[in-house]
Amino acid sequence: MIKTMREASHNYPWLLKSIMGILAIAFVITMGWWGFGEQAGGPVAKVGEQSVSLDEFKRTYENMHRIYKDNVKTEFKDEEFKDFVMGQLVDSRVWIIAAQEMGVRVSDADLRELIMQTPVFQKNGAFDPELYKRILAANHLTPATFESIQHQEVLANKARMIVRDSVALTPEEIAEGQSLMTRPADGNDPAKMAEAKQRVLDDMLLQKQQRALVSFQQSMKAKIPITIRRELL
């Protein structure tokens, strides 16, 4: 079942984006409500020096369960789904650590652009400072706290982009892709031929980038101490 959910995230990119958004939002609300300290009893997981609180896990579980139930028509066993959610949270911490090791930096301009482009903070298609403050206040957050947490999320995304952008198709792979290309119905149209060729190469590159991301993530996890208190899930 875990494999099915991971495949769903790969086959439906919008679903993966929803998951990542949920992780960020759950983290923000949790930290905004509880502050930067740990809850009584300690974290439910530790990834290096990063931690995952039980409250964050519960919020993420509820939101992810709703999205999968609505969009992926598969029966989920509760324990397996909990493992999947925890895996996503652990992975998000791994990428933050990767960003730190890479020396990634986030400028004020980067952070400002991210926040201003967030739809929930926009009114009539434009960023609304008052709406921004009201939404944060409703979630017991100050702008400084929210922006600090978003800073971590941008770090992780930049690390992913660095790994992704380091991947390119070799001349041999390009030749292989061209040999596998299916000729469009109108094979005499040069524009359609070029478009078909590009689709094949884009798909090959995407798959290679996904493999690189998974491989890098696994290599990071192999060297980072990870502790999960499953009895608390």
Side-chain angles (χ1 to χ4, degrees), residues 1-34 38-99 120 139 149-150 152-153 155-157 159-161 163-164 167 203 206-233:
M1 190 272 290
I2 298 298
K3 180 180 179 182
T4 299
M5 289 189 287
R6 286 176 179 154
E7 288 175 347
S9 297
H10 175 73
N11 294 332
Y12 302 98
W14 58 266
L15 188 59
L16 181 59
K17 290 180 181 179
S18 296
I19 291 172
M20 298 310 296
I22 285 172
L23 296 180
I25 291 170
F27 184 60
V28 165
I29 293 177
T30 298
M31 297 301 285
W33 181 262
W34 293 103
E38 294 295 346
Q39 295 181 35
V44 69
K46 288 281 289 183
V47 184
E49 297 301 315
Q50 299 282 327
S51 63
V52 179
S53 73
L54 179 59
D55 189 71
E56 179 187 358
F57 170 80
K58 289 180 177 179
R59 290 178 185 275
T60 308
Y61 173 89
E62 292 171 0
N63 288 329
M64 288 179 69
H65 189 277
R66 183 179 65 254
I67 281 187
Y68 270 92
K69 184 178 179 181
D70 291 345
N71 298 286
V72 182
K73 308 305 180 182
T74 303
E75 291 296 325
F76 303 143
K77 293 182 180 179
D78 189 57
E79 288 305 313
E80 291 184 344
F81 197 81
K82 287 179 179 178
D83 286 342
F84 175 70
V85 172
M86 179 54 67
Q88 297 296 310
L89 288 166
V90 167
D91 290 348
S92 73
R93 299 309 195 268
V94 167
W95 283 104
I96 291 174
I97 294 172
V120 72
N139 285 290
I149 297 164
Q150 287 299 298
Q152 295 289 84
E153 184 65 18
L155 278 177
N157 285 333
R160 293 186 185 96
M161 290 173 64
V163 174
R164 183 199 66 189
V167 176
D203 186 60
L206 176 61
Q207 292 182 38
K208 188 174 183 180
Q209 289 172 332
Q210 292 292 339
R211 290 193 297 269
L213 287 166
V214 171
S215 178
F216 182 89
Q217 180 176 282
Q218 291 303 318
S219 70
M220 288 291 297
K221 291 170 77 172
K223 68 178 185 179
I224 298 173
I226 299 174
T227 303
I228 300 174
R229 300 176 64 188
R230 298 186 183 280
E231 72 275 11
L232 298 180
L233 300 183

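Counting only heavy atoms from C-beta outward, the side chains of Gln88 and Thr60 never approach each other to under 4.5 Å.
For the residue pair Ala99 and Leu155, the shortest heavy atom distance occurs at CB-O, 3.2 Å. Pairing each heavy atom of Phe84 with each of Met64, the nearest pair is CE2-CE, 3.5 Å. Taking all atoms of both residues into account, the shortest heavy-atom contact from Arg160 to Leu213 is O-CD2, 3.5 Å. Considering every non-hydrogen atom in both Arg229 and Pro43, the closest pair reads CD-O, 3.3 Å. When all heavy atoms are compared, the tightest approach of Met86 to Ala45 is SD-CB, 3.8 Å.
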When the side chains of residues 217-226 are checked against the rest of the protein, which donor-acceptor pairs come out under 3.5 Å, sequence neighbours left out?
residue: Gln217; atom: OE1; partner: Trp95; partner atom: NE1; Å: 2.7
residue: Gln217; atom: NE2; partner: Asp91; partner atom: OD1; Å: 3.4
residue: Gln217; atom: NE2; partner: Asp91; partner atom: OD2; Å: 3.1
residue: Ser219; atom: OG; partner: Phe216; partner atom: O; Å: 2.6
residue: Lys221; atom: NZ; partner: Asp91; partner atom: OD1; Å: 3.0
residue: Lys223; atom: NZ; partner: Glu101; partner atom: OE1; Å: 3.2

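Note that CD of Gln209 is 10.5 Å distant from CE of Met161, once rounded to the nearest 0.5 Å. Going from atom CG of Asn157 over to atom OG of Ser92 covers 10.5 Å, rounded to the nearest 0.5 Å. The CZ atom of Arg230 lies 4.5 Å from the CG atom of Asp83; values are rounded to the nearest 0.5 Å. Note: Leu232 CG to Ser53 OG = 11.0 Å, rounded to the nearest 0.5 Å.
Take Lys82 and apply the side chain to side chain contact (heavy atoms under 4.5 Å, CB included) test, not counting sequence neighbours, and it matches Phe57, Tyr61, Asp78, Glu79, Leu233.
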